[in-house]
Amino acid sequence: MIQLIQTLGTLARIWFALVWIMFSTAMALAQDAPIETPETSEQSENFKAPVIIDGESLFFLRGSSALPAPERAETVQNNIIQVALSSENPEVTVTYEDTELGTRILVDGVPVSTVTVADAEMDQMELDVITYLHGSAIHDAIVAYRANRTEQARVSGALEALGWTLGFAVFIAFILWLHRRIRRRTLKFVSRHLKDVETATAKSVQAEAIAALVSYGLNFILLVVFFLGFYYYLSFVLLAFAETRYFAQLLLTYLTEPVLLIFKGVVSYIPNLIMLALIAWLAMYIIKGMRVFFDAVEAGTFELGDFESHWVNPTFNIARVLIILIALVFAVPYIPGSDSAAFQGLTILVGAMLSLGANSVVSNMLAGLFVIYRRSTSIGDRIQIGDHIGDVVRIKLMETHLKSIKNELISIPNAQLMNSDVINFSKKTDGSGLLLHTTVGIGYEEPTEKVEAMLIEAARRTKAIKAKPEPFVLWTALADYAINYQINGYTTRGSIIPKIRSDLHRNIVAVFNENNVQIMTPSYIADPPEPKIPSEGWDGHLAHEAHEGTDKS
């Protein structure tokens, strides 16, 4: 609250300084020449200018090339003010005198203005009628000018300004009270509602951040309301004194006219707002209906042929986007400024930017749809893409996430997934399962039947390899120093293929060592005196374990 008060005080001081500069400039211009508004500029071009006393426009005078309208109006203004200041008598006598130029208006015997035939033609009235109207306006202006500068009028103006000041103080107190109430209400709203949102989104949506944004927006609205209140307060205070009344009317005109235009625009836009609300409500109602339908499909209440359950959410999201786009197409004509050239140019610019910069995005999105619906890959499958092997944990519109066998999260763009060879270890093509294989090189001197029997024995010792169909051996190459034998075995445990292959390799080494057969893969130089196999079995202890036992003893 203290911070808000300091902010309001600083802004108020800046505002008073700006107002004082504007007031000084306006008074200086008022002393030199009548203030020109856009209407005054147009009237000057038409040889017509108003006579203004204390902010009130009395009448318009016609000018000529020899005597422009602004100069003539300024002369009449000065004459009226001089006559009004020459006496404090509330009684004013207006007389008329015919001259060669027209009818002269005299106030207490002092010439003030001359009404010409051109003035009568401009207002399309008779000369005597327009002269009488000018005289009556001058009479009332002088009487009001003197009355507004009496001691009683000044005291009344001071009391009025004091009343507006007290009202503004109450207004500030209300703003501060509302600021404190908004803060408390925001905290209650956060603790009551947004905590559940934070929990549901795993803290992706921070409740405190949302509360800070809401509080900032409401405080900004309060500052706007404060500025409006201060602006009108200053205008009404200046309006209470005759010397500043003209400037107050300018302030009211500068702010009130735009506010009224905005208010009229909002009121005239209400039918469009109603139409936009109807379009939004209808779109939300259709989306909720589709959600109920797809939930029923996922639960099995409705059957859609070969429609798979994991298609429910992506299909619903696609349908929801289509409904929103259709709703936007219907809503565009009712959006403010949608028919303007600026809006159309912005639309063309956004379309060009999307078409030029979103090629990869669109390709990944389309590839994501193909990945989802072509059934080649599903969540939970173990697949291999290039050098990456892992389980599919999430298929998004732009990318697919794999969890590797080393528990790494790998993100692969869907376009790469579409353009690469994908090996799926989880999909079953028939009842036999996957065919696991590995290759070893054995010298030509070893009996081939013995080698094949040893490889099949190693496969049988591997638990995850099926006994039926039986494992078999293929000769893949006759190399320079060895025959490359490929042992093949069926397995249905595609998710643990690295472990199965490791066990198979372990069993191959064990079987070949038991039979004193040397494995010559990957390379061979010469026959050693003795086969390169372990001479003794492992006792189960490592060197560092024995060393630690000695230290402890």
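Residue indices begin at 1 and follow the sequence shown. FYI, side chains are in, hydrogens and waters are out, and symmetry mates aren't considered; it's all heavy atoms of this structure. Quick caveat: nothing in here was measured; it's all calculated off a predicted structure.
- The CG atom of L218 sits 11.5 Å away from atom CG of L223, with the distance rounded to the nearest 0.5 Å.
- Scanning both residues, A73 and A49, for their nearest heavy atoms gives CB-CB, 4.0 Å.
- Contact annotation: the side chain of L58 never approaches that of I52 to less than 4.5 Å [non-hydrogen atoms, C-beta and beyond].
- No salt bridge links D119 with R62; every basic N to acidic carboxylate O contact stays at or beyond 4.0 Å.
- Interatomic distance, CD1 of I80 versus NE2 of H139, reported as 12.5 Å (0.5 Å rounding).
- Scanning all heavy atoms of the two residues, the minimum distance from K403 to N407 falls at CD-OD1, 3.2 Å.
- Residues T400 and I385 form no side-chain contact, since every pair of their non-hydrogen atoms from C-beta on lies 4.5 Å or further apart.
- Expressed to the nearest 0.5 Å, how far CD of Q384 lies from OG of S404 amounts to 12.5 Å.
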### Query
Would I287 and I324 satisfy side chain to side chain contact (heavy atoms under 4.5 Å, CB included), going step by step from the backbone distance to the final call?
CA-CA 9 Å; I287 291 174; I324 293 175; 4.0 Å; yes

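- M125 approaches L133 most closely through the heavy-atom pair SD-CD1, 3.8 Å.
- Residues D391 and L402 form no side-chain contact, since every pair of their non-hydrogen atoms from C-beta on lies 4.5 Å or further apart.
- Under the side chain to side chain contact (heavy atoms under 4.5 Å, CB included) criterion, I279 pairs with M275, A327, F330, A331, Y334, not counting sequence neighbours.
- At least one side-chain heavy atom of M290 sits less than 4.5 Å from a side-chain heavy atom of I323.
- Contact check for R394 versus S411: no side-chain heavy atoms found under the 4.5 Å cut-off.
- Taking each heavy atom of A120 and I130 in turn, the nearest pair found is CB-CG2, 3.9 Å.
- Other residues, nucleotides and ligands contribute over 12 non-hydrogen atoms within 6.0 Å of the CZ atom of R291.
- With sequence neighbours excluded, the residues satisfying ring-ring contact (aromatic ring centres under 6.0 Å, His included) with F59 are H134.
- For the pair M122 and K48, the minimum side-chain heavy-atom distance is below 4.5 Å.
- With sequence neighbours excluded, no residue forms a salt bridge (charged side-chain N to carboxylate O under 4.0 Å, His left out) with D123.
- Residues passing the side chain to side chain contact (heavy atoms under 4.5 Å, CB included) test with M284: none are found, sequence neighbours excluded.
- By the ring-ring contact (aromatic ring centres under 6.0 Å, His included) test, Y132 is found to be paired with no residue, residues two or more places apart in sequence or in another chain being considered.
- To the nearest 0.5 Å, the span separating CZ on F226 from CZ on F230 amounts to 6.5 Å.
- Side chains of L61 and V51 form a contact here, defined as non-hydrogen atoms less than 4.5 Å apart.
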N/O donor-acceptor pairs under 3.5 Å from side chains in residues 158-175, not counting sequence neighbours:
residue, atom, partner, partner atom, Å
T165, OG1, A161, O, 2.8
T165, OG1, Y233, OH, 3.0

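- The closest side-chain heavy-atom distance from I138 to I142 is below 4.5 Å.
- Under a cut-off of 6.0 angstrom, the local environment of CZ in R493 is sparse, with at most 12 non-hydrogen atoms contributed by other residues, nucleotides or ligands.
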### Query
Could you go step by step and tell me if L409 and H401 meet the side chain to side chain contact (heavy atoms under 4.5 Å, CB included) rule?
CA-CA 7 Å; L409 184 63; H401 291 171; 4.0 Å; yes

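- Once rounded to the nearest 0.5 Å, the distance linking NZ of K288 with CZ of R320 reads 13.0 Å.
- Interatomic distance, CG of L178 versus CD1 of I221, reported as 10.5 Å (0.5 Å rounding).
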